[in-house]
Each structure stands twice: as structure tokens, then as C-alpha cells.
Amino acid sequence: MFPFVLEKPQSTEDAIAAAASGARYIAGGTTLVDLMREEVEGPERLVDINKLPLGGIRVEGEDLVIGALARMAEVAADPNVQRLQPLIAESLIEGASPQLRNMASMGGNLLQRVRCPYFRMLDAGCNKRTPGSGCAAIEGLNAGHAILGTSDHCVATHPSDVAVALVALYATMRVRGSKGERSFPVEELFRLPGDTPHLEHTLLPGELIMEIRVAGGPHSHRARYLKVRDRASYEFALVSAAVALSIEGGVIRQARLAVGGVGTRPWRLRNCEAALAGKRPERQAFEEAAQLATQGARPLHHNQFKVELLPRTIVRALEMAGEVA
Amino acid sequence: MTENPSESHPPGPIMSRRETLQATAGAVALAALPPLSATATSAPALDTNTVTLTMTVNGRAQTLSVDPRQSILDVLRETLNLTGTKKGCNQGACGACTVLVDGRRIVSCLTLASMHDGAQIETIEGLEKDGVLHPLQEAFVEHEGLQCGFCTPGQIMSGLGCIAEGHAGSPEEIQFWMSGNICRCGAYPGIVAAVADAAGRT
């Protein structure tokens with residue numbers, strides 16, 4: 001691990017000023033410490049934000065507001081989260097291990113780096129780690145990689161589970177930088193790799209995630225997260241699906257759908273959502289909508305199975321959500 | 001050779017298994033060392049920047065001077081000589097380094113000590129009280145929740161967390177909530193039985 005200076009600012013303003021001048025934020029550290037030890041990352045200054053007042057979970061009207069420093073385990077176990085947005089709790093528990101969920105913050109979860117093995121392999125080409133060095137995954141072992149949103153420069157998936165749920169729930173986030181605050185949909189945090197895969201998110205230098213806001217609605221309780229993976233727990237998704245349905249008079253009024261494990265960012269499927277609106281929540285409608293999910297898919301040598309697994313996962317998740325009383 | 005020197009030991013200075021191993025390995029390493037001029041190193045320049053912090057480890061306050069890069073795991077093992085906590089993967093995947101920090105189970109390899117000034121840490125060494133094993137330790141012995149034993153301290157500390165969190169209600173629940181601890185010997189049935197047994201006793 002390269003040497004660094006650890007800064008412990010007492011105020012959010014001081015933290016933002018430090019980060020705006022080049023320091024890196026650290027909260028749980030579950031991604032960053034690991035990558036620093038591997039020398040994939042080598043920040044010279046770290047800003048420990050854990051003492052800042054950015055934790056906690058609160059309810060404002062029908063909105064659930066989750067502080068950026070709230071830990072994954074804390075959010076998953078929170079009675080208000082379980083009551084108002086059970087999809088968030090379900091997706092969190094499916095991610096990582098109990099120890100890591102006790103450590104990892106919600107803001108850090110959204111900003112975690114990819115799990116592509118070549119990203120960590122210093123002698124392999126990786127445009128995300130070393131721009132211009134190529135992508136070893138495209139011709140390498142790529143069973144875990146993306147089929148949607150890829151480019152000739154990067155095919156890594158975004159690894160978060162809860163980000164998929166937040167995108168499906170149209171969650172927004174509030175960030176603060178040296179020029180003030182702004183709010184935007186969580187979906188807009190994530191960039192497509194294009195020809196600049198080293199740029200992963202849309203935060204400006206020094207911007208700090210303050211909180212995540214999730215509006216409640218009739219869809220919030222017909223919402224499920226299905227994660228398909230090589231092990232029953234503690235494994236990244238091959239394919240996952242977050243589904244929230246609002247059903248009135250036996251007809252789907254609105255479907256919300258996002259998938260993980262297949263996209264270079266948490267992947268909302270607007271075409272599938274549109275196809276489900278106005279349909280009865282039945283298997284045939286689910287299958288017809290799910291077939292649209294792989295439009296534009298670019299499978300690689302080892303991950304062609306995802307082209308079949310993705311619609312199947314969506315159908316099963318829709319059935320699970322439809323079965324919620 | 002015995003792990004616990006107080007049980008029985010030959011006359012003369014007491015040497016732990018670890019010290020014996022280190023002394024032996026040191027001799028081998030010295031013998032194998034090439035001439036000094038040939039040992040070019042790519043390690044980063046020594047950083048003199050240290051952080052002073054206080055941590056309470058197994059009920060004892062410790063004031064420590066640490067390199068900001070040191071994990072809690074490394075401070076426990078290398079500075080405090082508490083080698084019960086094991087370094088398995090050193091990347092947060094295996095759970096062998098699990099300890100409780102402020103009552104919550106975490107992987108100590110991914111936790112920088114310098115970020116935990118004032119923390120309360122509990123390790124496997126703190127469980128035995130007055131020569132009596134903790135009920136979960138007893139349960140691991142009774143149910144043979146181990147073979148080689150390397151993962152056991154992490155399994156037990158994680159098991160304490162699992163029980164305290166209320167996730168030890170059934171074998172299936174224990175399997176899911178203990179999945180952050182890998183056992184390469186495959187002693188999982190015994191581990192699950194031990195956690196279930198101890199949860200039932202408390």
C-alpha cells in the first residue's frame with residue numbers, strides 16, 4: 001500500500017474542501033482499502049468522513065430518506081425501511097456478507113468499483129485502471145461481465161445490488177460540493193463506459209453524497225429483488241432483477257424494473273416497463289415484456305447464457321412481485 | 001509443544017509456538033538471503049507519518065502509535081501480539097479475521113486502525129473468562145465445528161454477531177448469515193450446529 005495522509009475533518013465543509021483539492025473520501029473502506037492494498041488505487045490523501053452527520057434513516061411524509069453514511073446492515077434492519085420500502089432491505093441482504101454489510105456505507109456502495117478481475121490485475125490491460133491499456137476481459141474470462149451498455153473499451157458490470165433496487169424505485173440523491181447542493185435520480189449517477197471507462201460517475205470533483213431519497217407509492221409493497229448467482233449467498237449476481245408493480249383492478253398500472261449483473265451500470269428497462277403497463281399480471285405478459293430486455297445485447301464468449309437467463313430472471317421476479325398480497 | 005504455555009512447560013524461558021516458528025523461519029530466511037546489494041526493493045519509501053490512537057481491546061485500554069496503512073488485523077497481530085485473529089485472504093473475502101468492533105462483527109483486514117480511535121474491540125482472546133470457555137467456544141468443541149482450526153476464531157466471533165443480531169433461528173438462517181466465513185475443511189455442519197446450540201443456550 002502506498003503511503004497516504006489521513007485527514008479527519010470536523011465539518012462537511014472542511015471535508016468537501018479537502019476532496020475538492022484532490023483528497024479521496026473514505027467511509028467503510030471495504031472497496032478502497034482492498035484496492036489500495038493491491039495498489040490498484042493510490043490516493044495520497046484520504047478524508048475520513050465517518051464523523052460527519054450524514055448517517056441515520058428518517059421518514060418525511062411518504063419519503064424514506066437514507067443518510068449516505070448509514071451502513072448497509074443498519075438500513076436493511078431498519079423498521080421504516082422494511083415497512084415502507086421492503087425492496088431496499090431485500091436487495092441489501094442479498095449483497096456482500098454480514099461483516100461487510102456492517103462496514104459498508106450506502107454512499108460507498110453506490111460508488112464501489114467494479115469486480116472485473118482484470119481491473120485488479122496490474123499486468124493486464126484495463127482501460128478503467130489505466131486508460132489506453134486495452135480491455136483484457138473482452139478476449140479473456142468474461143462469464144461475469146456485461147451484455148448491455150458495453151463498449152469496445154470496457155465490459156465490466158456495476159456490482160451493487162441495492163443500486164439496482166434504488167434505480168427501480170426512481171430514488172434520488174442529494175449531493176453537496178463547493179458550489180452548493182443538487183439533487184438528481186440515482187440512475188444518473190452512473191456513466192456508460194463508452195471510450196472513457198475510467199470515468200464511472202457524474203459527481204463533480206469534491207462532491208459528497210449526503211442522502212438518498214425514495215418516494216413511496218402503491219408500487220412500494222409489490223416489490224421484490226431476485227438475485228441469481230453461483231452460490232446461495234455471498235456472491236455477486238450473474239443476473240438480478242428489481243421489480244415494483246402497481247396494480248389496480250387486476251391490471252398493471254405501472255411497472256418499474258431494473259436489472260443487475262448484465263449492465264455496465266444498474267440497468268433500468270424502460271421498454272419492458274412500457275410493455276407491462278395496462279396488462280394483466282400474468283405469465284404471458286411477463287414473458288412478452290421480458291423478451292424485450294435483451295434488445296441490443298452484446299454477449300461475449302463466456303456470458304452468452306445471460307441472454308437467456310436475463311428474461312427468465314425477470315419473469316420470475318415479476319411473478320414474485322405479483323404474488324405479494 | 002503446547003499452545004498454552006501455562007499448562008506445562010520445560011524449565012527456562014517460555015516460548016510460544018509463534019515465537020518458536022518465527023525464530024526458526026528467521027534462521028532459514030537469514031541463511032537464504034542473498035548479499036545485501038542484490039536485494040533491490042520496489043517497496044514505497046518508509047513513511048514516518050504515524051497516528052496515535054487509543055483502542056480498548058478485550059477490555060484493556062491500549063494507546064498505540066500506528067502507521068495509517070495498518071489494518072486492525074495487523075495491529076492486533078503484530079503490535080499487540082494477539083495472534084488468535086487470523087489473516088486468511090487479507091481482502092475481506094474469507095472472514096478469518098472477523099472481530100467485534102463496537103459490538104458489531106467486521107472483517108479487521110479491511111479496517112484501517114487509524115480510522116478507529118476510541119473503538120472497543122473484542123477478539124477471540126477475550127472470550128475465555130477465568131479459565132472457562134465461552135458457551136460458543138464450548139459448542140464448537142462439542143459439535144466439532146472445526147478441523148484444522150484456522151478459520152475458527154473468525155467463525156466464533158462471527159457466530160457471536162450472528163446470534164446477537166437474532167439470525168440464528170434455524171440451520172438455514174445460520175447458513176445464510178454465516179456465509180461471510182469460509183471453512184476450507186468443510187466443517188460447516190458442525191459450525192451450524194454449534195451456533196444453533198449456543199443460540200439456544202443464551
Side-chain angles (χ1 to χ4, degrees), chain A residues 1-8 25-51 69 71-74 76-77 93-105 108 112 115 117 120 122 227 229-236, chain B residues 42-51 53 66-74 89-118 154 157-159 161-162 164-167 172-173 175-182:
Chain A
M1 196 183 291
F2 296 112
F4 60 87
V5 174
L6 181 68
E7 301 176 22
K8 298 185 179 184
Y25 294 123
I26 185 166
T30 55
T31 296
L32 189 53
V33 171
D34 187 27
L35 292 174
M36 286 167 63
R37 187 171 287 140
E38 299 288 330
E39 298 185 349
V40 175
E41 297 237 35
E44 293 176 359
R45 294 163 60 207
L46 286 185
V47 186
D48 180 354
I49 58 172
N50 287 296
K51 293 287 188 286
L69 282 179
R71 265 43 191 183
M72 290 171 70
E74 174 191 354
I93 286 169
E94 295 293 314
S97 70
Q99 290 96 319
L100 294 170
R101 294 196 294 269
N102 276 339
M103 301 163 70
S105 71
Q112 66 182 296
R115 260 60 185 187
R120 307 170 61 94
L122 294 178
K227 183 172 181 179
R229 48 186 158 176
D230 284 333
R231 291 190 291 195
S233 62
Y234 195 20
E235 183 57 275
F236 291 100
Chain B
S42 63
L46 190 65
D47 182 31
T48 53
N49 161 38
T50 59
V51 177
L53 53 87
V66 304
D67 185 303
R69 293 171 288 187
Q70 281 185 289
S71 62
I72 286 183
L73 174 62
D74 283 340
C89 67
N90 209 29
Q91 49 183 221
C94 76
C97 67
T98 302
V99 300
L100 304 183
V101 172
D102 298 328
R104 297 189 304 182
R105 52 176 163 161
I106 57 107
V107 281
S108 60
C109 71
L110 290 188
T111 308
L112 296 176
S114 49
M115 288 171 60
H116 287 78
D117 190 16
M157 298 314 290
S158 190
C162 180
E165 293 158 14
H167 293 304
E172 294 73 24
E173 190 181 21
Q175 284 171 11
F176 187 85
W177 289 87
M178 288 292 290
S179 63
N181 292 79
I182 310 295

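Computed from a predicted model, the values in this text were never measured in an experiment. Per chain, numbering begins at 1; letters A, B, ... match sequence-line order. Side-chain atoms are counted along with the backbone in the values below, which use heavy atoms only and exclude waters and symmetry mates.
Distance check, rounded to the nearest 0.5 Å: CG of A:L46 to CZ of B:R69 gives 11.5 Å. Separation of atoms CD (B:Q70) and CE (A:M1) is listed at 10.5 Å; rounding is to 0.5 Å.
Residue B:L100 does not touch chain A at all, counting heavy-atom pairs closer than 4.5 Å. The parts of B:C109 that come within reach of chain A are both its backbone and its side chain, each placing non-hydrogen atoms under 4.5 angstrom from that chain. Contact annotation for A:E38: only side-chain heavy atoms (C-beta onward) come within less than 4.5 Å of a heavy atom of chain B. Residue A:A104: no heavy atom, backbone or side chain, is found under 4.5 Å from chain B. Contacts between B:S114 and chain A at a heavy-atom distance below 4.5 Å involve backbone atoms as well as side-chain atoms.
Taking chain B as the reference chain and counting heavy-atom pairs below 4.5 Å, the highest number among A:A232, A:S97, A:G29, A:S233 is found for A:S233. If you tally non-hydrogen atom pairs under 4.5 Å between each of A:Q99, A:R101, A:K51, A:K8 and chain B, the highest count goes to A:Q99. When each of A:N50, A:L100, A:L35, A:D34 is scored by its heavy-atom pairs under 4.5 Å with chain B, the top score falls to A:D34.
Every side-chain hydrogen bond (donor to acceptor under 3.5 Å, both in side chains) that A:R45 has, sequence neighbours left out, goes to A:E7, A:S21.
The two atoms that bring B:T111 and A:M103 nearest to each other are OG1-CE, 3.1 Å, heavy atoms only. Heavy atoms only, all atoms of each residue included: A:T30 and B:L110 are closest at O-CD1, 3.4 Å. A pairwise comparison of heavy atoms in B:S71 and A:R37 identifies CB-NH2, 3.8 Å as the closest pair.
When side chains are defined from C-beta on, A:L6 does not count as touching B:L112, because their heavy atoms never get closer than 4.5 Å. Contact check for A:N102 versus B:E165: side-chain heavy atoms found under the 4.5 Å cut-off. The side-chain heavy atoms of B:S179 and A:R231, taken from C-beta on, include no pair separated by under 4.5 Å.
For A:Y234 (side chain) and B:N181 (main-chain N/O), no donor-acceptor pair under 3.5 Å exists by modelled atom type.
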